Each structure stands twice: as C-alpha cells, then as structure tokens.
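First comes the structure, then the notes that go with it.
A quick note: this is a predicted structure, and the numbers were derived from the prediction, not measured.
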Number of protein chains: 2
Amino acid sequence: MTAQRRVVAEVLDGDHVHLTADEVHARAVAKLPEISRATVYNTLGELVSLGEVLEVATDKRAKRYDPNAHRPHHHLVCAQCGAIKDVHPTGNPLSDLPTSERFGYTVSDVEVTYRGLCPDCTAA
Amino acid sequence: MTAQRRVVAEVLDGDHVHLTADEVHARAVAKLPEISRATVYNTLGELVSLGEVLEVATDKRAKRYDPNAHRPHHHLVCAQCGAIKDVHPTGNPLSDLPTSERFGYTVSDVEVTYRGLCPDCTAA
DNA sequence: AGCCGACACTGGACATTGTCCAAGTCGCAT
DNA sequence: ATGCGACTTGGACAATGTCCAGTGTCGGCT
Ligand SMILES: [Mn+2]
Ligand SMILES: [Mn+2]
Ligand SMILES: [Zn+2]
Ligand SMILES: [Zn+2]
C-alpha cells in the first residue's frame with residue numbers, strides 16, 4: 001500500500017461514485033500533487049482485477065470506475081448532465097430472455113441502464 | 001444521395017449488424033476506394049440524427065452503428081469474441097424500477113445488455 | 001549504517017477513436 | 001457552359017487509454 005494507491009482508494013470512497021480515470025487523477029492530484037496518470041490507470045486496473053472496483057460504460061466516452069462492487073446493482077443516468085445513481089430494480093431480467101431469443105449463447109450476466117432526467121435537469 | 005452515402009447505407013444493410021465507424025469505413029473503402037473517414041463519420045452522424053441508425057455502446061471501446069432502428073430491441077453480447085445479436089426480451093424493465101429507486105428522475109428509457117458466450121466460444 | 005534487489009512510480013511516446021476545419025470537387029439549376 | 005451550394009477530402013487536433021524505459025523507494029541482508 002503506497003501513498004499513491006491510498007489516494008486513489010480515498011478518491012473512490014462513497015456512494016453513487018462513478019468517476020472517469022481523468023476525474024480520479026484530478027482529485028488524486030489535489031491530495032498528492034505529483035501522482036502520474038499512468039499510476040492512476042495502473043491502480044484502477046489492479047482494483048478492477050481484484051474485484052474491488054467495477055468498470056461501467058454508462059456513456060460512450062470514458063469508462064467510469066465504481067467502488068460499489070459488492071452489491072449487484074444497475075444504473076440510472078441523466079441524459080442531460082450525466083449524473084449517475086445506483087439502482088436496484090426488482091425482478092430478474094435474465095428470466096425475461098426466452099430460450100428462443102438466446103441464439104445458443106450461454107447467458108451469464110445482464111446490465112441495465114435507465115435513462116432520463118435528474119430533478120435539476122427536469123426543472124431547468 | 002451521393003455515391004459515398006449510398007455506400008455507407010449499403011454497408012449497414014442486414015440483420016444483427018453492429019459495426020464500428022472504422023469497420024464501416026473499411027467496408028466502404030472496398031466498394032469506393034477513396035471515401036474518407038470524415039465522410040463516414042459525417043454520414044453516420046446524419047443517419048443517427050435522422051433516426052435511421054442507432055448508436056450502441058455494448059463495449060467500452062468504439063461506438064457501434066445499428067441499422068435496426070425501427071423495432072425496439074436489446075443486445076446479447078459474447079464476452080469472448082464480441083459477437084452481438086439483437087434480442088427482444090418479454091416484459092418491461094421500466095416497471096421493475098420502483099419510485100423509491102428513481103431519485104426523482106423522470107425515467108424515459110432503458111437499455112439492457114445481456115452478456116455470455118456465443119456457441120462458438122462456448123465450444124472452444 | 002550501507003548495499004542491494006524488487007517493486008512501484010513517472011514522464012513521455014504511441015495507439016485508437018472521434019471531431020473539426022479549410023480547401024477542393026461535384027452536381028444541378030440556370 | 002457557368003456559377004452556386006452542398007459534399008467530400010486530408011490532415012490537424014482532442015480525448016482516452018496503453019506501454020515502456022528510466023528513476024525512485026523501501027525493506028531486508030551483511
Ligand atoms: Mn454503480
Ligand atoms: Mn441491434
Ligand atoms: Zn441532470
Ligand atoms: Zn463468441
């Protein structure tokens with residue numbers, strides 16, 4: 001556990017946290033000015049390999065890093081400002097995919113992304 | 001309708017087609033050798049604006065372009081080789097998201113991505 | 001304490017994907 | 001044929017991510 005890794009872990013602490021690598025780097029630099037981009041990428045990659053952090057692709061730009069890896073969940077994304085919330089829908093979408101729609105695949109996982117407008121963007 | 005746009009439209013014809021912009025460009029060049037990347041991007045952008053083609057983000061690399069824009073559907077992706085199928089699950093995942101899990105958002109859309117192994121990758 | 005080796009970190013080069021722009025080209029109406 | 005406007009082109013640039021060689025750090029050994 002180096003100072004750099006500790007800072008990355010600190011930046012990723014909290015609920016509904018879904019930062020891009022560059023956002024992690026910017027916040028890490030605020031705490032440890034000379035931390036490099038490469039170290040942030042390396043540390044994020046290690047955390048993902050360890051299963052401590054998830055990569056999520058809620059937008060078509062950068063990957064986002066999600067420290068909420070221990071409880072399965074899905075995402076609710078504001079189409080306007082990008083704000084992301086963790087959500088826990090009821091039911092199991094896997095059971096909604098009939099065998100005839102599986103094309104012989106062995107289906108093991110499902111990601112659900114809800115899109116809409118957050119309260120701020122709805123008001124504006 | 002120019003020769004360039006016709007070629008892009010031809011490349012995007014078919015079922016279960018989900019090509020990246022570079023793949024579209026490569027196939028377009030095979031039919032019209034001097035078509036430029038910029039024109040492919042421009043044409044794809046116009047088709048998306050017209051609602052004729054969808055952008056899908058099934059992987060965390062490039063956007064993919066999907067000519068199946070007229071019937072709502074979701075995607076089944078092979079985690080190994082990336083093969084993508086269009087699927088039509090039963091039920092409506094929107095109804096699985098209770099008000100208490102909406103954080104005040106106005107939810108209007110949901111994307112579902114199933115992941116697993118295709119028949120070829122299951123065998124291998 | 002001083003040395004050594006393993007590992008981590010750094011800065012920068014490079015790759016991929018996508019956007020933007022100035023200039024050239026093309027097709028169509030006149 | 002001419003002129004105009006739209007389209008296309010090639011390249012510069014931006015954003016994201018990967019890779020590598022060199023440097024730094026730290027614990028363990030003598
Ligand atoms: Mn999350
Ligand atoms: Mn599709
Ligand atoms: Zn918003
Ligand atoms: Zn496969």
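- Straight-line distance from the OH atom of A/Y41 to the P atom of C/dC9: 16 Å, rounded to whole Å.
- Using a 30° and 60° split on the angle between ring planes, A/H16 and B/F103 fall in the perpendicular class, above 60°.
- D/dC7 atom C1' lies 16 Å from atom CD of B/E34, rounded to whole Å.
- Residue side chain B/R37 reaches the base of C/dT19 through a donor-acceptor N/O pair under 3.5 Å, judged by distance alone.
- Classified by interplanar angle (parallel below 30°, tilted 30° to 60°, perpendicular above 60°), the ring pair A/H18/A/H75 is perpendicular.
- Between B/E23 atom CD and C/dG18 atom P there is a gap of 11 Å when expressed in whole angstrom units.
- Across all non-hydrogen atoms, the minimal contact from B/Y105 to A/V77 is CE2-C, 3.9 Å.
- Considering only side-chain atoms of B/R61, the nucleotide from D/dT9, C/dT17, C/dG18 that sits closest is C/dT17.
- Here D/dG24 presents its C1' atom at 14 Å from CG of A/L32, a figure rounded to the nearest Å.
- Rounded to whole Å, atom C1' of D/dT8 lies 12 Å from atom NE2 of B/H25.
- The nearest whole Å value for the distance from the CG atom in A/D22 to the C1' atom in D/dT18 is 14 Å.
- You'll find the side chain of A/L94 reaches within 4.5 Å of the side chain of B/Y114, heavy atoms only.
- Where A/A62 and B/A3 meet DNA chain D, the nucleotide closest to each residue was compared, and B/A3 sits on the side nearer the 5' end.
- In this model, the phosphate group of C/dC9 is approached by a side-chain N or O of A/T2 to a distance below 4.0 Å at OP1 or OP2.
- A close approach under 4.0 Å does occur between a side-chain nitrogen or oxygen of A/Q4 and OP1 or OP2 of C/dT10.
- Shown here for A/E23 and A/R64, the closest heavy-atom pair between the two residues is OE1-NH1, 3.3 Å.
- Closest to the side chain of A/A38, out of D/dC20, C/dA8, C/dG18, is D/dC20.
- Rounded to an integer number of Å, the gap from CZ of B/R6 to C1' of D/dT8 is 15 Å.
- The distance from atom CG of B/N42 to atom C1' of D/dT9 is 10 Å, rounded to the nearest whole Å.
- For A/S36, counting side-chain heavy atoms from C-beta on, the closest listed nucleotide (C/dC9, C/dT19, D/dG10) is C/dC9.
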